[in-house]
Enquirer: 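There's a structure below that I have some questions on.
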Number of protein chains: 2
Amino acid sequence: MTQVTVTEHFLKFSFNKAKIHIIMPDDKIAIFKQTELFRDLDDAVLDVLAKHSVVKRLQRDEILFLASEPAKGLFVIASGSVRAFRTSADGREQVIHVERAVTTIAEVPVFDDGNYPSTAAAEEPTTLYFLNKQLILKTAVEHPQLALAALKLLASRLRRCAELVETLSLREVGQRLASLLLEEARNNGTKTERGTEIELRLTHNQLAARIGTVREVVTRALIRLQEQGLIVHEGKEFLIPDIKVIAAYAEAENSE
Amino acid sequence: MTQVTVTEHFLKFSFNKAKIHIIMPDDKIAIFKQTELFRDLDDAVLDVLAKHSVVKRLQRDEILFLASEPAKGLFVIASGSVRAFRTSADGREQVIHVERAVTTIAEVPVFDDGNYPSTAAAEEPTTLYFLNKQLILKTAVEHPQLALAALKLLASRLRRCAELVETLSLREVGQRLASLLLEEARNNGTKTERGTEIELRLTHNQLAARIGTVREVVTRALIRLQEQGLIVHEGKEFLIPDIKVIAAYAEAENSE
DNA sequence: TGCATGATGTGACCCAAGTCACCGTCACAG
DNA sequence: CTGTGACGGTGACTTGGGTCACATCATGCA
């Protein structure tokens with residue numbers, strides 16, 4: 001779907017060209033300008049980045065990189081979305097964060113010069129641009145806007161990660177699920193007179209990987225939330241009658 | 001103990017002065033130079049930072065700042081140590097990270113301009129220097145070394161936080177405890193012919209707060225590790241016969 | 001049309017870990 | 001030398017949530 005948008009762009013810029021598989025730098029610049037990391041840079045600088053970037057396309061669930069694999073740079077997510085996660089020895093996944101187009105992923109190894117800290121895979125068909133880490137570092141030194149943007153980005157990632165630690169350690173499954181729905185409602189919810197509506201395009205398995213549990217437990221937790229009147233859901237459609245109530249539940253000491 | 005060192009410094013620099021309560025900027029510069037964040041800056045720049053910094057002393061368990069309290073800047077830990085943690089409604093703590101002198105804490109709100117992401121408290125008598133965030137930002141723009149050092153620091157913090165998420169979500173208590181001991185052994189262990197020895201100056205309650213459980217469970221987990229021959233401990237003294245074995249245990253799928 | 005395949009729902013079972021209650025030890029202050 | 005509080009150890013009990021085994025129901029594709 002987002003894929004379609006890219007195709008449109010692509011056509012717009014290239015239907016007169018002989019080699020129609022090349023994505024034009026101008027197009028990339030437009031994409032880069034939408035990222036938190038690069039938006040403050042001049043077009044000239046973006047042009048350099050664009051020229052050095054390499055396209056990569058992934059199908060759903062295709063792996064972008066593996067945890068502890070040597071990292072050569074970061075990726076701009078032009079369309080689609082990517083989840084970063086860790087896997088236990090018995091195959092269970094814990095999602096660390098999910099990034100949706102347009103943004104960047106794998107900034108960490110660029111700056112601390114280590115391996116990839118987690119595994120990343122496409123959640124849907126996804127287009128990415130790879131950028132070499134030396135180039136990013138060089139640009140950051142020459143253009144403090146980039147360094148500051150990166151600092152801000154890493155800081156907010158760290159803040160969210162600390163929140164994840166808190167909910168995993170200190171809250172029960174029902175509350176963690178409520179937190180996720182709440183966040184979704186705040187970001188992508190549409191308000192109606194009946195409450196806030198959201199469409200969760202996630203399977204119970206995906207939900208489980210995000211809140212640190214397994215499928216069956218998610219199913220039951222959803223039923224419990226429904227019974228307690230915190231949510232109403234049929235299929236992927238969720239209605240949250242009162243955001244305040246579910247927020248209180250997510251924070252509460254005792255989840256009755 | 002570390003406190004004593006500071007007193008020595010203090011005396012060395014000030015016994016000829018009239019106002020003996022003032023910590024000399026030179027002394028601060030020497031401290032700042034030991035932090036990952038500031039070590040690459042020139043003395044002239046450090047001098048400006050030192051002159052604008054404010055001393056703060058804390059007793060054990062005294063609170064430095066509270067989660068979600070407005071943040072005005074970061075702290076240099078000159079001596080002692082500080083734990084950053086989150087608290088659940090029923091009072092349980094989950095430690096996010098612990099920082100020992102000499103380093104910095106609370107960088108996150110400097111760069112993303114938010115509130116403090118977690119509560120921080122002294123683990124022992126601690127001396128800190130407060131630095132205003134505008135000053136840090138200004139310095140970071142003017143001196144890319146600082147921005148790069150901050151990026152590196154945040155990146156490595158994020159990496160460790162992701163690891164914490166993984167162990168909390170994917171590993172059992174025994175493994176989490178083993179991970180902690182392992183890390184301690186790698187950092188502060190002394191190798192002998194019997195294995196690696198460490199001295200853990202933590203109560204079971206503190207251990208529990210770090211690995212996301214409660215005191216009694218820690219006691220029992222330690223006993224189990226002992227029974228399985230992974231560790232030998234009397235009191236605060238731990239002997240790890242074979243680091244490789246405990247590392248394997250910490251990663252394993254099934255903890256038999 | 002029919003057969004995989006993946007998602008969801010559900011009952012039965014089990015266990016790691018949290019809770020509660022209580023004890024002994026030790027250090028330190030009064 | 002005694003009271004008080006922190007710390008560690010332990011048994012008994014409860015429970016959240018993970019595991020297993022099936023059943024149902026779409027969807028899609030052969």
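Letters A, B, ... are given to chains in the order of the sequence lines, protein chains preceding strands, and every chain is numbered from 1. Here the structure is a predicted model, which means the values were calculated and not measured.
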Enquirer: For Arg220(B) and dA17(C), give me the distance from atom CZ to atom P, rounded to whole Å.
Expert: 12 Å
Enquirer: Find the distance Ile223(B):CD1 to dG11(D):P and express it as a whole number of Å.
Expert: 9 Å
Enquirer: Rounded to the nearest Å, what distance is computed from the CZ atom of residue Arg176(B) to the C1' atom of nucleotide dA17(C)?
Expert: 9 Å
Enquirer: Rounded to the nearest Å, what distance is computed from the CZ atom of residue Arg224(A) to the P atom of nucleotide dT15(D)?
Expert: 14 Å
Enquirer: Nearest whole Å is fine: how far is dG18(C) C1' from Glu172(A) CD?
Expert: 11 Å
Enquirer: What's the closest nucleotide to the side chain of His204(A) if the choices are dG18(C), dG9(C), dG9(D)?
Expert: dG9(C)
Enquirer: Thinking salt bridges, do Arg157(B) and Glu107(B) make one under a 4.0 Å N-O criterion?
Expert: yes
Enquirer: I need the CG-C1' distance between Leu202(B) and dC7(D), as an integer number of Å.
Expert: 13 Å
Enquirer: Measure the distance from CD on Gln206(B) to P on dC7(D) and round it to the nearest whole Å.
Expert: 7 Å
Enquirer: Could you check Glu216(B) against Val173(A) and say which one's nearest nucleotide on DNA chain D is further toward the 5' end?
Expert: Glu216(B)
Enquirer: Identify whether the distance between the nearest side-chain nitrogen and carboxylate oxygen of Arg57(A) and Glu62(A) falls below 4.0 Å.
Expert: no
Enquirer: Please determine, by modelled atom types, if His97(A) and Glu99(A) share a side-chain donor-acceptor pair under 3.5 angstrom.
Expert: yes
Enquirer: Between dT19(C), dA17(C), dG9(D), spot the one nearest the side chain of Arg92(B), thanks.
Expert: dT19(C)
Enquirer: Regarding dG9(C), can its base be found pairing with the side chain of Arg215(A) as donor and acceptor, where the two atoms are less than 3.5 Å apart?
Expert: yes
Enquirer: Do any side-chain nitrogens or oxygens of Lys236(A) fall under 4.0 Å of OP1 or OP2 in dT8(C)?
Expert: yes
Enquirer: Check step by step if side-chain contact (heavy atoms from CB on, under 4.5 Å) holds for Phe85(B) and Arg210(B).
Expert: CA-CA 9 Å; Phe85(B) 60 98; Arg210(B) 302 236 191 147; over 6 Å; no
Enquirer: What's the closest nucleotide to the Thr219(A) side chain, out of dG9(C), dA17(C), dG17(D)?
Expert: dG9(C)
Enquirer: Taking Thr126(A) for its side chain and Ser81(A) for its backbone only, find out whether a donor-acceptor pair lies under 3.5 Å.
Expert: yes
Enquirer: Between dT10(C) atom C1' and Leu222(A) atom CG, what is the distance in whole Å?
Expert: 14 Å
